[in-house]
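Below you will find the structure I want to go over with you.
First listed ligand is number 1; within each ligand, the first listed atom is number 1.
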Amino acid sequence: MATVFEMIINGEIPSTRLYEDESCVVILDINPIAKGHALVISRECYPTFTDVPMETLSHMMEVARMVDKKQREVLGAEGTNVMINNSPASGQEVPHLHIHVVPRYTGDGKTPAFPKGKYDDGEISKYGDLLKL
Ligand code: AMP
């Protein structure tokens with residue numbers, strides 16, 4: 001079944017399009033975290049960050065940076081959250097790779113409330129060993 005983003009890319013459902021090229025399309029998120037919240041969507045449907053070819057991902061990051069620049073220039077954004085929800089466990093709702101670019105302002109109170117934890121004694125070095133690349 002086609003994802004909502006495939007339907008948007010194919011023009012089957014409406015969107016507010018900011019940019020497009022051969023490998024991605026940029027639209028406004030219909031339920032923005034902040035007004036101007038944009039989505040850089042791969043034209044081809046790769047379900048996740050893990051599946052996309054590096055060349056496409058790196059191009060999408062370049063486009064995300066163009067969006068960040070525009071949000072700063074035009075909306076006066078003082079910062080942005082640039083994020084990818086990667087697989088359903090992380091909160092990804094649409095299984096079609098997209099990068100969120102959310103304009104942010106000092107004191108806007110929108111910082112995602114990820115509860116932070118602590119390591120037990122000696123545990124951080126175990127995780128360090130496990131995750132060394
Ligand atoms: P994620 O949870 O990372 O998969 O994000 C999916 C995003 O797509 C959400 O922020 C939705 O608000 C957004 N979204 C879903 N349907 C549409 C649509 N028709 N037009 C624009 N944005 C959409």
Determine whether any heavy atom of His96 lies closer than 4.0 Å to an atom of ligand 1.
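Contact absent.
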In terms of residue, atom name and distance, what is the protein heavy atom nearest to atom 6 (C) of ligand 1?
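For this ligand atom, the closest protein heavy atom is His98 NE2, 3.5 Å.
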Give me the nearest non-hydrogen protein atom to atom 10 (O) of ligand 1 as residue plus atom name, then the distance to 0.1 Å.
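Protein heavy atom with the smallest distance to atom 10 (O) of ligand 1: Asp29 OD2, 2.5 Å.
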When you measure from the side chain of Glu73 to the backbone N and O of Lys70, does any donor-acceptor pair fall under 3.5 Å?
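A pair under 3.5 Å: no.
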Before signing off on this row, confirm whether Val94 and ligand 1 have an N or O atom pair separated by under 3.5 Å.
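Yes.
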Would you call Thr16 a ligand 1 contact, heavy-atom distance under 4.0 Å?
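The answer is no: ligand 1 sits nowhere under 4.0 Å from a heavy atom of Thr16.
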Arg72 bridged to Glu78 by N-O distance under 4.0 Å
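Here Arg72 does not pair with Glu78 in a salt bridge, since their nearest N and O are not under 4.0 Å apart.
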Would you check whether Leu28 reaches within less than 4.0 Å of ligand 1, judged by its heavy atoms?
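The answer is yes: ligand 1 sits under 4.0 Å from a heavy atom of Leu28.
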Please indicate whether any nitrogen or oxygen in His37 is less than 3.5 Å from any nitrogen or oxygen in ligand 1.
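His37 vs ligand 1: no N/O contact under 3.5 Å.
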Tell me whether ligand 1 is touched by Ile33 - counting only heavy atoms on the residue side and a distance under 4.0 Å.
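Under 4.0 Å: no for Ile33.
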Gly91 heavy atom under 4.0 Å from ligand 1
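Yes, Gly91 has heavy atoms under 4.0 Å from ligand 1.
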Check whether any N or O atom of Ile8, backbone or side chain, sits under 3.5 Å from an N or O atom of ligand 1, and answer yes or no.
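There is no such contact.
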Heavy-atom proximity to atom 22 (N) of ligand 1, best of Ile99, Ile13, Ile41, Ile30
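Ranked by closest heavy atom to atom 22 (N) of ligand 1, first place is Ile30.
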